Amino acid sequence: MTLMSPLHPDRNLALELVRATEAAAIRATPFIGKGDKLGADGAAVDAMRAFLSTVEFDGTVVIGEGEKDNAPMLFNGERVGTGMGPACDIAVDPIDGTSLAAAGRQNAISVIAASDKGTMLDASSVYYMNKLVAGPEGIGVVDIRQSIGENIRAIAKAKGKNVADVIVAVLDRPRHADLIEDIRAAGAGTRLLLDGDVAGGLHAARYGSRIDLCIGIGGSPEGVVTTCAVKGLGGIVQGILHPMNDEERARGLATGLKFDYVYEMDELVASDNTFFVATGVTDGGFLDGVRRKGPIIKTHSIAIRSKSGTVREVYAEHNADRWF
């Protein structure tokens, strides 16, 4: 007997989706450290698509990856699943941190997020978003409209810690040079991310993490994916679209997107029934990477459901002969 509602995705969906991120992570492992971003991404995409086709739901990819660099992709509008069961919006990133995986660096993960159909913001016409992410202590306390110094002092007070002990995660990009300088001038420390700001956002939102805030300009798709997870963690996400040129702004306006406007969580994802699953590709502070020991492949995943506020870590062993 299935517990799946014909209208809304239910609790079984998260564990079904984990199978797809596990597959993507495993298939990407031969490319780790080989310098081949497209090869890693292509293998992960093919594996994720194959496993999603077996999941009993009617999914539409609202946010796919690949447009920014012509990488292989699960494309926007693609239908996934068996077509039976609940209708869902899907956001996918077969490898969040393809350059990390290609270089053999830490914190590459495979990610899928899902929510009720029609609830995810489709910001695919604008590739970048200025984001702020914090845990439950940041609700009503931090705000992307405030200066970084004000936010650092506010989160320090809310958490009962010294400003000097606050850690802010930021993508290590030239565009963030002034932001990084301002964070340090305020007395806080930085955790500079080489890539993969989904993991950075989750670190900031998860209870007990060393990171207190994640802020800066990263991918718009990653902002929506992160929101699906943070809804389950009880934190806060805010985003301001950041078009790179007038053409991109015009394209966004034509699709109804708002600029110079703060998107709150319920505008990024207008559902309280969200799912987030991720599997480590390479080792990181968030998830262990795929490891092969003799005939066994080990994976480490996380599954978050907002409706129940449940966070599950999934350790799995796979027979290597079935994969390679």
Side-chain angles (χ1 to χ4, degrees), residues 63 91 96 107 111 113 120-121 123 126-159 161 163 165-173 175-193 195-207 209-243 257-270 274 276 286 304 306:
I63 295 174
D96 178 44
N107 292 315
V111 176
M120 283 187 187
L121 177 71
V126 180
Y127 297 145
Y128 293 101
M129 177 184 288
N130 188 14
K131 294 169 283 191
L132 178 149
V133 185
E137 300 92 343
I139 296 174
V141 171
V142 296
D143 194 302
I144 200 169
R145 302 170 188 85
Q146 297 177 166
S147 70
I148 186 60
E150 289 175 303
N151 281 321
I152 288 169
R153 290 186 289 274
I155 199 69
K157 182 177 180 181
K159 288 190 166 187
K161 62 196 306 184
V163 165
D165 295 324
V166 171
I167 300 294
V168 183
V170 185
L171 281 171
D172 190 7
R173 300 289 188 271
R175 62 179 177 263
H176 289 148
D178 290 343
L179 175 60
I180 292 167
E181 185 178 327
D182 289 344
I183 291 167
R184 293 170 176 169
T190 55
R191 179 71 56 84
L192 299 183
L193 308 173
D195 207 343
D197 58 339
V198 172
L202 265 70
H203 269 303
R206 199 168 184 191
Y207 178 78
S209 171
R210 186 69 184 86
I211 294 174
D212 301 288
L213 288 170
C214 184
I215 196 163
I217 298 167
S220 297
E222 288 83 352
V224 175
V225 170
T226 301
T227 300
C228 287
V230 174
K231 283 200 166 199
L233 298 172
I236 177 176
V237 181
Q238 293 176 314
I240 300 173
L241 292 171
H242 187 83
L257 294 175
K258 302 175 185 178
F259 296 94
D260 305 312
Y261 174 83
V262 177
Y263 280 92
E264 303 289 350
M265 290 183 70
D266 285 340
E267 295 171 293
L268 293 169
V269 182
T274 65
F276 172 91
F286 179 47
I304 303 172
S306 67

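Remember, it's a predicted structure, so these values are computed and weren't measured experimentally. Quick note: residue numbers are just sequence positions, from 1.
Between Leu202 and Thr226 the shortest side-chain heavy-atom distance falls below 4.5 Å. The closest side-chain heavy-atom distance from Leu241 to Lys258 is not below 4.5 Å. Taking 4.5 Å as the limit, some side-chain heavy atom of Val269 sits within range of a side-chain heavy atom of Val224. The shortest distance between side-chain heavy atoms of Ile152 and Val163 falls below 4.5 Å. Under the 4.5 Å side-chain criterion, counting only non-hydrogen atoms from C-beta, Val166 is in contact with Ile155. Contact annotation: the side chain of Val170 approaches that of Ile215 to within less than 4.5 Å [non-hydrogen atoms, C-beta and beyond].
Scanning all heavy atoms of the two residues, the minimum distance from Met120 to Cys228 falls at CE-SG, 3.8 Å. Closest approach of Gln238 and Val142 over heavy atoms only: OE1-O, 4.3 Å. Residue His176 comes nearest to Leu171 through the heavy atom pair ND1-O, 2.8 Å, listed as atom of the first residue, atom of the second, then distance. For the pair Cys214 and Ala204, the tightest heavy-atom approach, listed with the atom from each and the gap, is N-CB, 3.6 Å. Summarising the geometry of Val230 relative to Ala205, their closest heavy-atom pair is CG2-CB, 3.8 Å, with the distance given to 0.1 Å. Summarising the geometry of Gly234 relative to Ile139, their closest heavy-atom pair is O-CD1, 3.2 Å, with the distance given to 0.1 Å.
Once rounded to the nearest 0.5 Å, the distance linking CG of Asn107 with CG of Asp195 reads 10.0 Å. In this structure, Tyr127 OH and Glu222 CD are separated by 12.5 Å, a value rounded to the nearest 0.5 Å. Going from atom CG of Asn151 over to atom CD1 of Ile144 covers 8.5 Å, rounded to the nearest 0.5 Å. Once rounded to the nearest 0.5 Å, the distance linking NZ of Lys131 with CD1 of Ile240 reads 12.5 Å. The CG atom of Leu257 sits 8.5 Å away from the CE atom of Met129 when rounded to the nearest 0.5 Å. We find the CG-CG distance between Leu192 and Asp172 to be 4.5 Å, quoted to the nearest 0.5 Å.
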May I have the list of side-chain donor-acceptor pairs in residues 178-186 shorter than 3.5 Å, sequence neighbours left out?
unit_1	atom_1	unit_2	atom_2	d
Arg184	NE	Thr190	OG1	3.3
Arg184	NH2	Thr190	OG1	2.9

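Annotation for Tyr207: atom OH does not count as buried by contact number, only 12 or fewer foreign heavy atoms lying within 6.0 Å. More than 12 heavy atoms of other residues, nucleotides or ligands lie within 6.0 Å of CZ in Arg173, so this atom counts as buried by the packing criterion. Heavy atoms of other residues, nucleotides or ligands lying less than 6.0 angstrom from NZ of Lys157 number 12 at most.
At distances below 3.5 Å, not a single donor-acceptor pair connects side-chain atoms of His242 with backbone N or O atoms of Asn130. With hydrogens and angles disregarded, a donor-acceptor distance shorter than 3.5 Å links the side chain of Asp212 to the backbone of Ile167.
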Original post:
Which is it for Arg191 and His203 under the side-chain contact (heavy atoms from CB on, under 4.5 Å) test, yes or no, and what are the steps along the way?
Top reply: CA-CA 11 Å; Arg191 179 71 56 84; His203 269 303; 6.0 Å; no
**OP:** Start with the C-alpha distance between Leu121 and Glu267, add both sets of side-chain angles, then the distance that settles side-chain contact (heavy atoms from CB on, under 4.5 Å), and finish with yes or no.
**Re:** CA-CA 7 Å; Leu121 177 71; Glu267 295 171 293; over 6 Å; no
Original post:
Is there a side-chain contact (heavy atoms from CB on, under 4.5 Å) between Leu233 and Phe276 once you walk through the steps?
Top reply: CA-CA 11 Å; Leu233 298 172; Phe276 172 91; over 6 Å; no
**OP:** Go through Tyr263 and Thr227 one step at a time and tell me if the side-chain contact (heavy atoms from CB on, under 4.5 Å) criterion holds.
**Re:** CA-CA 11 Å; Tyr263 280 92; Thr227 300; over 6 Å; no
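Using a cut-off of 4.0 Å between Lys/Arg side-chain N and Asp/Glu carboxylate O, Lys159 and Asp165 are scored as not salt-bridged.
Annotation: side-chain contact (heavy atoms from CB on, under 4.5 Å) contacts of Ala154 (sequence neighbours excluded): Val141.
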